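I have placed the structure first, in the form of structure tokens, so that the comments after it can refer back to it.
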Amino acid sequence: MNQPNSRKQRAPQNSLSVAFVLLPNFTLTAFSCMVDLLRLAADEGDRSRPQRCSWTVLGADLNPITSSCGLQVAPWETFSQPERFDYVVVIGGLISREMNYDPVVLRFLQKVAAASIPIVGVCTGSFALAEAGLLKGRKCCVSWFHFFDFLERYAGVVPVADQLFIVDGSFITCPGGLAALDLGAWMIERHLGPGLVQKGLHIMLTDKARSGFDAQPQPPGVGPVADERVKRAMLLIEQNLSTPPKVEEIAAKIGLSKRQLERLFRKIAGKSIQEFSRGLRTYYGLWLLANSTKSITEIAFEAGFSDPSHFNRLFRATFGCSPSAMRSEGADAIRTIIQNRQDAAAALPADDRASTPEALNRSFPDWTGFLQKERRPYLQ
């Protein structure tokens, strides 16, 4: 993993200075995890004096910024002199299609980047980095939940949803949530050593930090689909894999009748909603086999199968062996199966390969976008 660039005006050795930039509707968990770990590493015990670490909250002005849960945080100071910080951390949260970023914030981020100071995008803070034009040609770690939101907005950036954080030059991105704690631990260990990280984590009642290469709890599963109604239906299924919604519930949320949605979905996706859901959940079970130590029964329930034997039957029909047999053969067996499907898709005539996902779905009923490497982390 690349390391952030060094700079001439670094903070003294064995110290760490961090500035937080909070975007409207930022997630409080990501902010509090990072700032609390800094607080605990900064001083002896739980005394909270900023001796080894210092932190501040920057803003375009000193008006309070409202988090996604409604709590407000007022900036401590306005944008100035970014050279005094080791990191500038941008924390985002809720997004909408109509969202506009404050030009003052974007200009400040560009100024920070020009000074070669590492910038951290947490949760949808990475969207602000992309909006400022700072991530062209780089990998950007985003939540599986916001993967396609990012993909639709920003060309020339490679979104990755299979890791907890990514360091690419002077830019560090993290999907947020509790992964912000892992990233905070990485930052503190890099500057202050593992002892202070462990001390802070123990006080926060957790045992160890995960690495940036550790997997997010769920990969993105829905491929690109032009019809907005079908895409919304797919996302509703993906976001509720453990408790699959009924077709009537999905139709009601989209504003269609059950029959209208079923006809439209089959026309666009080349399969029924139930077939799509079962296929998605079966592939999620495959991903869990490769990325967790859960039992087959636990995996079946997490993938939304109330009967583990049903999961076993679908898994065997899809992959040619039982989940237990797949696990006993190891990760290489999973990669071989995935590679075979990649090769099958690559063997399609050029016209078919260039056509829509719907055409591929009709040729390979279990495709549903899973063969696109950047969009399917378990293909890497």
Side-chain angles (χ1 to χ4, degrees), residues 1 4 18-39 55 57-59 65-73 87-97 99 101 105 109 118-132 134-135 138-154 157-168 171-188 197 200-201 204 206 209-221 235 238-239 291 375 377:
M1 188 163 16
V18 178
F20 290 94
V21 176
L22 306 178
L23 301 179
N25 295 310
F26 71 95
T27 48
L28 200 59
T29 297
F31 173 56
S32 60
C33 279
M34 295 190 78
V35 77
D36 234 15
L37 195 59
L38 286 170
R39 175 184 69 84
W55 56 93
V57 182
L58 304 179
I65 301 168
T66 304
S67 68
S68 57
C69 68
L71 292 176
Q72 294 183 322
V73 174
Y87 301 92
V88 172
V89 180
V90 185
I91 299 184
L94 301 181
I95 58 172
S96 67
R97 292 187 179 276
M99 183 173 179
Y101 291 92
V105 173
L109 296 181
I119 306 179
V120 182
V122 178
C123 193
T124 59
S126 57
F127 284 57
L129 272 61
E131 192 75 20
L134 302 177
L135 298 181
R138 297 184 180 276
K139 286 191 174 183
C140 176
C141 193
V142 297
S143 165
W144 66 269
F145 194 84
H146 291 301
F147 180 84
F148 288 99
D149 294 318
F150 191 95
L151 196 67
E152 290 175 359
R153 288 170 183 246
Y154 304 111
V157 184
V158 181
V160 176
D162 65 328
Q163 294 181 219
L164 296 182
F165 59 88
I166 287 177
V167 183
D168 189 343
F171 301 97
I172 307 167
T173 47
C174 168
L178 294 180
L181 185 66
D182 303 302
L183 175 54
W186 177 86
M187 292 161 57
I188 292 169
V197 171
L201 292 174
M204 296 178 77
T206 187
R210 299 167 292 180
S211 77
F213 291 110
D214 280 11
Q216 290 185 36
Q218 181 169 328
L235 288 173
E238 180 179 4
Q239 292 165 6
N291 292 280
R375 301 180 186 183

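Position 1 is the first residue of the sequence, and the numbers go up from there. Because the structure is predicted, anything quoted here is derived from the model rather than measured.
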Margin query: Let's go through K139 and D168 carefully: what are the C-alpha distance in whole Å and the side-chain angles of both, what is the deciding distance for salt bridge (charged side-chain N to carboxylate O under 4.0 Å, His left out) to 0.1 Å, and is it a yes or a no?
Written below: CA-CA 7 Å; K139 286 191 174 183; D168 189 343; over 6 Å; no
Next item on the list: For the residue pair F150 and F127, categorise the inter-ring angle as parallel (less than 30°), tilted (30 to 60°) or perpendicular (more than 60°).
Entry: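 Judged by the thresholds at 30° and 60°, the geometry between F150 and F127 is perpendicular.
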From [X] atom [atom1] to [Y] atom [atom2], the distance as rounded to the nearest 0.5 Å:
| X | Y | atom1 | atom2 | answer |
| --- | --- | --- | --- | --- |
| S67 | L94 | OG | CG | 9.0 Å |
| L129 | T124 | CG | OG1 | 11.0 Å |
| L164 | S143 | CG | OG | 11.0 Å |
| I119 | L134 | CD1 | CG | 5.5 Å |
| F165 | D182 | CZ | CG | 7.0 Å |
| M187 | L38 | CE | CG | 6.0 Å |

Between [X] and [Y], what is the shortest heavy-atom contact and its length?
| X | Y | answer |
| --- | --- | --- |
| Q163 | P175 | O-CG, 4.0 Å |
| A180 | V122 | CB-CG1, 4.2 Å |
| S126 | L135 | O-CD1, 3.7 Å |

Next item on the list: Any chance you could lay out the side chain to side chain contact (heavy atoms under 4.5 Å, CB included) test for M34 and V18, step after step, and finish with the verdict?
Entry: CA-CA 10 Å; M34 295 190 78; V18 178; over 6 Å; no
Does some side-chain heavy atom of [Y] sit less than 4.5 Å from a side-chain heavy atom of [X]?
| X | Y | answer |
| --- | --- | --- |
| M204 | L181 | yes |
| Y154 | E131 | yes |
| C141 | C174 | no |

Which donor-acceptor pairs under 3.5 Å do side chains of residues 21-32 form with protein atoms, sequence neighbours excluded?
residue, atom, partner, partner atom, Å
T27, OG1, G92, O, 3.3
S32, OG, L28, O, 2.9
S32, OG, T29, O, 3.1

Next item on the list: Please lay out, stage by stage, how T173 and R138 fare under the test side chain to side chain contact (heavy atoms under 4.5 Å, CB included).
Entry: CA-CA 11 Å; T173 47; R138 297 184 180 276; over 6 Å; no
Margin query: Which residue is it: L58, V35, V73? I am looking for the one with a side-chain contact (heavy atoms from CB on, under 4.5 Å) to F20.
Written below: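 Result: among L58, V35, V73, V35 is the only option passing the side-chain contact (heavy atoms from CB on, under 4.5 Å) with F20.
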Next item on the list: Please list, chain by chain and in numerical order, all residues satisfying salt bridge (charged side-chain N to carboxylate O under 4.0 Å, His left out) with R39, sequence neighbours excluded.
Entry: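 With sequence neighbours excluded, R39 shows a salt bridge (charged side-chain N to carboxylate O under 4.0 Å, His left out) to D36, D46, given in chain and number order.
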Margin query: Please check if the number of heavy atoms outside L178 that lie under 6.0 Å from its CG is greater than 12.
Written below: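 Atom CG in L178 is not packed in, count stays at 12 or less.
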